[in-house]
Each structure stands twice: as structure tokens, then as C-alpha cells.
Amino acid sequence: MSVAMQDVMKQSGVAFGTSGARGLVSAMTDRVCYVYARSFIKYCEASYKCEKNIAIAGDLRPSTGRILQALVKAGQDAGWKVTYCGRIPSPAIALYGLDKSLPTIMVTGSHIPADRNGIKFNHPNGEITKADEQGIVSQSVDFDEALFDAAGMLKNAPELPAVETEAEENYCKRYPEFFGEKALQGLTIGVYQHSAVGRDIVVRVLESLGACVKPFGRSDVFVPVDTEAIRPEDEELAREFTHKDYVDAVFSTDGDSDRPLLADDVGMWLRGDVLGILASQALGIKRIATPVSCNTSLEKSESFEKICRTRIGSPYVIAGMESLMEGDASSSVEDRLAASAAAGVSVAGYEANGGFLLQTDLKRTAYDGVTRTLKALPTRDALLPMIAVMVMVREQKMCVVDLLRKLPKRFTVSDRLKEFPTEISKTKLAEIREQKLGEKLFGKFAAKPSKFNKGAPFHGKMVSLNEVDGYRMEFDSGDIIHLRPSGNAPEFRCYVETEGKERSAELLADCLKVMEGWRK
């Protein structure tokens, strides 16, 4: 029979979000995942010059193994070789695909709870774009419906192939080869492992850079660590660990280890967008693409020659990075990369969740006087920003807090209302836009006394509005409130930025109270 990808999406509710296709595990049946994979393979056959070979990998959540088996079956039925790279980080499988010029698929739900999962696609040249998504969605697939039972599960699921370890090995060698094997010598770093797929790889890489590593918090149960909305229990765990055991910093990642979490020596986690600024400074990046939700210390630091603000989601950041490269926009990416290299232009991007994307190759002369090159990896990576910052810490004989003090004082906090239907949040934002309710709804906090603002209004009059992604209000006091429905889950996110940490926290709490009332 033949089935259209669009019909499968509508019937299952499993659709593309800001980073791949995601949905409830109960909805991501073998049949749904099989059709997604077959559609992706068919699209790659038509759009990219590549051998009939696809590499797959996955995270550690309970449903991942079953979905990987469905992908193996899809590849086999399409007449493709399927290379299984094991349970490794998303950037590791993406790097493998770039090195081999082949498509790759990562099974992961990233930070979302274990009752959900997802599939991330990379074409032979990198992470798929929004245009690629449309190409995948437009496909129809011919297959034998008898492969599946009434529940949409494979009647005879294939065994996973033997693990090809090259993807993991190459990723583990990437940063010691660039920074040097003594780059972190003398530093002690804790690693909060929980259920992150890269938990052992992080330890291995840090040790290969010369650091003394102290792992903790390993879990056999999946832990939904969201680097953009850190759980109170994770905050407490980091504080307790650093109080008991001396470290210079703490490393961690989300479930598929493409988003970083870096804490200072007392266990205070840095926001991902602040880490992105520090990492970009440490690496000498000249041009930055980042979503509109990220901290405005980026501009105020005056460290970068060009900045592009984008919608939220790595495909948009990738498009922003491409716009910052040298050369005419009509030229190929390869020609523009060459032009950027010739002009000495370095381009990178980062997100509020900390994921760091490297668009151009980097050159660096390390402590030993040797100049080395780091190849571009234009997809989220957790290790590069954390390592880069700690290399700077060691070289400048500072601590993480010292680096933070050099940045302009802007404090961003964010949180989300869980189980908030996306349609309701979109409807509410449309209502606010049409009736111009932004200042009316959130200006009321101006009259509220606060121990942090010494009687001054929180923000006052709204002076600018940005609707690139969601509803971002800036007030004449400099305070910023940004509301946005999540693209990955039924969640309503709120971002707040002010000049004070406590002030930001109080304003965020007030905003969430208003948003909570919209459930009714």
C-alpha cells in the first residue's frame, strides 16, 4: 500500500517541532517511525548525492531501542545499508554523517519526559532545514501493511546491527586534538551524569584533556533534565556536591548530550545563553547567530562584529549562521565557507538551551605553540562551549565567576507551564496581539512594591515589540518579557530579562501567575 507522510502525521499527532519530529511514545508506533524513516530516505535519494547507507543512534530512554529497530527495518526495506552507531550523543552521530557524507538519524526526545520521544534527521551535509522538513513531509511511501499488527507494531522486528564504534571514537578525539592533551591540566571538574547518553563520553573527553574528573548522580531511570528550565532538585544536587567535594566547575548535559549545563565552583548553573557568550569570546568567534530569546549581554558586550537574531530552533540558527558568512547569498554554502576562511571570518551560533553550533572551521594556537584546526559542526554540541570556557579559565588563571563578572549585568530567567495545550497558548497570544493587551496585562506589576526595585516600577511603558517568535515585550526600564508556546511539547514558556537576578526571578513568578490563569 501507499501512504502519505502528511496523513501519518495527522493521524498520529507526531509532527515536526523546533528540532525533529516528536510525540508521545504511545503515538510513535513502529509504523509511524518506519514511515518517517522511509520518507526521509526517499527524500535524501532525490535531493542529495549519497550512497545508500544511513547511520543511526539513540539516547537512553526506554522506548529508544524499539524505535531504532523500526528504523533498521525501514532502511533495509528501502534497500539501504544501516550502520548502527550505538547510544551516543546527537553531535557525535551528526559528525559521523558529515565525515562520511551520509544521512543520519538520532532517536531522542532530548530533555522531554520519558513518555515522549523523537527522531532527529541530518542529511549528508548537516542538520535538516525547514525546507528539508517540507520535502520529507511531502513524500509518500509504498510498503506492506502486513508488517504491522493492529497496534502498529512490527510483527517481526529485526535485531539491531553490531555497533560501529567509529562515530564515538572520532567524537571523543575531536577536542583533545584541537585544544591539546594538557588543556585542562590542573583543573578538577565534576560531571553530573544522570541518564545523559554522553555521561561516560564527557568523563572520557575531560580526562583526555588532562582534567581530574569526579562523576556523580548517575541514574538508571531516565531523568528529564531541561537545560533551559533547570529543576530545583538538580540545582540542589549541584550545590550539595560542590560543598562536599572541591571542583573548579561541574559539567552536565541533557538526555541526548547536545545541550550543556555548566556550573561554577559552588554549584550555580549558568544559563545556556550566557555560556554561549563566554564560549564565543573564548573561541574568538567574530559573528554570532542566536534566537531572539537570548540574553542581550551579547550586544552590550561589544565583543562581536556581527549578530543575527533568529526564531527559536536550531534550523533557524543555522539559517542565521549561513547569512553571516562571506560571499553572495546565492552562492553555495561550500563557496561561502571558502570565502569566510579566506577572509578570516569565524561564524557560530548558540541557543538559550546552551546548544552551540560551529558554522566555520576554527584555528587555534594552543599552549604548546602548535596551531590546530577544529572542523565545523553546524549542529548543537554540548562539549565545545563548556571546554572552551574552562580552557579560558585555566589560561587566564581565573574562575568561572570572574568571567561572568566581566559581562554586562543582564539576568535572564525562564520557566514553562507544563501540560499547557499549544492551541490555547497560541490563541491567547493572538488575542493579546489583536487587542494590544501586552502593557495592560503585564504593566500592572509596575504598581506592585518590591524589595528588589526599591519602590521603582518593574518596567513601565512598553517601548518595543518583537514578534519574530512569540511575543517579546521590552519596557522603558529595560525589562523584557517574552512569551512563547513550545515547539516540542505542550508547554507555554516565559522568558524574563532585567538588570538584577532577584528582580528577574520575581518578575518571572508574576508573569507565570498571569499565564496560569489562562488555563481556565
Side-chain angles (χ1 to χ4, degrees), residues 18-19 110-111 225-230 235 251-254 258-264 268-283 285 287-304 306-314 316-318 320-321 324 347-359 380-386 388-389 392 400-401 403-416 466 468-470 472 474 478-484 486-487 493-501 503-505 507-508:
T18 55
S19 182
S110 187
H111 64 281
V225 172
D226 185 347
T227 61
E228 214 173 342
I230 304 170
E235 293 178 339
F251 280 32
S252 192
T253 73
D254 66 340
D258 69 343
R259 306 178 185 191
L261 265 180
L262 176 69
D264 60 22
M268 296 296 293
W269 297 112
L270 276 65
R271 275 192 56 87
D273 49 0
V274 173
L275 174 61
I277 299 172
L278 295 179
S280 299
Q281 291 175 333
L283 293 167
I285 302 296
R287 301 179 183 180
I288 294 291
T290 195
V292 66
S293 60
C294 289
N295 193 291
T296 59
S297 288
L298 177 67
E299 287 85 359
K300 296 179 186 299
S301 70
E302 299 182 345
S303 299
F304 310 98
K306 286 187 179 181
I307 294 169
C308 175
R309 291 283 182 167
T310 74
R311 291 183 63 183
I312 295 171
S314 56
Y316 301 111
V317 175
I318 291 170
M321 292 193 299
L324 291 172
V347 181
Y350 66 82
E351 300 176 274
N353 56 44
F356 196 90
L357 304 89
L358 183 61
Q359 180 67 21
R380 289 179 186 138
D381 186 19
L383 273 178
L384 178 57
M386 294 191 288
V389 167
M392 183 164 63
V400 175
V401 173
L403 299 180
L404 291 171
R405 286 175 181 150
K406 290 186 175 184
L407 292 178
K409 291 185 177 180
R410 298 294 296 171
F411 295 88
T412 303
V413 293
S414 63
D415 204 347
R416 79 279 199 209
N466 187 311
V468 168
D469 198 346
R472 186 176 186 270
E474 184 170 356
D479 295 346
I480 296 171
I481 300 172
H482 181 187
L483 311 178
R484 174 183 172 272
S486 172
R493 291 185 178 271
C494 178
Y495 310 80
V496 166
E497 181 183 320
T498 77
E499 293 183 350
K501 185 176 181 181
R503 179 172 173 169
S504 292
L507 181 53
L508 176 64

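Counting from 1, the numbers follow the sequence of the chain as shown. Below, all heavy atoms of this structure are taken into account, side chains as well, without hydrogens, waters or symmetry copies. Remember, predicted model here, so these are calculated numbers, not experimental data.
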Is a donor on one side and an acceptor on the other found under 3.5 Å between the side chain of [X] and the backbone of [Y]?
X	Y	value
Asn353	Arg259	no
Arg271	Phe411	no
Ser414	Glu228	yes

Flag the pair [X] / [Y] as yes when at least one side-chain heavy-atom distance between them is below 4.5 Å, and no otherwise.
X	Y	answer
Leu283	Leu384	yes
Cys494	Leu508	yes
Asp415	Val496	no
Tyr350	Leu298	yes
Leu261	Phe251	no
Thr253	Pro260	no

- [ ] Mind checking side chain to side chain donor-acceptor pair (under 3.5 Å) for Asp226 and listing every partner two or more places apart, or none if nothing turns up?
- [x]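 With sequence neighbours excluded, Asp226 shows a side chain to side chain donor-acceptor pair (under 3.5 Å) to Arg493, given in chain and number order.
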
Open item on the list: Test side-chain contact (heavy atoms from CB on, under 4.5 Å) on Phe356 and Ser280; report intermediate values, then the result.
Closed with: CA-CA 9 Å; Phe356 196 90; Ser280 299; 3.5 Å; yes

Open item on the list: Is it the case that the side chains of Tyr316 and Glu351 hold a donor-acceptor pair, with the cut-off being a distance below 3.5 Å and no angle test?
Closed with: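 Distance-only check fails for Glu351 and Tyr316.
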
Task: Asp254 side chain to Thr227 side chain, donor-acceptor N/O pair below 3.5 angstrom - done: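 There is no such pair (donor and acceptor under 3.5 Å, judged by atom type) between the side chains of Asp254 and Thr227.
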
- [ ] Could I get the full list of side chain to side chain contact (heavy atoms under 4.5 Å, CB included) partners for Gln281, not counting sequence neighbours?
- [x]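 Side chain to side chain contact (heavy atoms under 4.5 Å, CB included) check on Gln281 returns Ile277, Leu278, Ser301, Ser303, Phe304, Leu407.
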
Open item on the list: With side chain to side chain donor-acceptor pair (under 3.5 Å) as the test, pick out the partner of Glu497 among Arg410, His482, Arg472.
Closed with: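 Per the side chain to side chain donor-acceptor pair (under 3.5 Å) rule, the option paired with Glu497 is Arg410, out of Arg410, His482, Arg472.
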
TODO: Tell me, with the steps shown, if Thr290 and Asn295 meet side-chain contact (heavy atoms from CB on, under 4.5 Å).
DONE: CA-CA 10 Å; Thr290 195; Asn295 193 291; over 6 Å; no

- [ ] Please report the C-alpha distance between Leu357 and Ile318 in whole Å, then the side-chain angles of each, then the deciding distance to 0.1 Å, and finally whether the side-chain contact (heavy atoms from CB on, under 4.5 Å) criterion is met.
- [x] CA-CA 8 Å; Leu357 304 89; Ile318 291 170; 3.8 Å; yes

Task: Intermediate values then yes/no, side-chain contact (heavy atoms from CB on, under 4.5 Å), Val389 and Leu270 - done: CA-CA 12 Å; Val389 167; Leu270 276 65; 5.9 Å; no

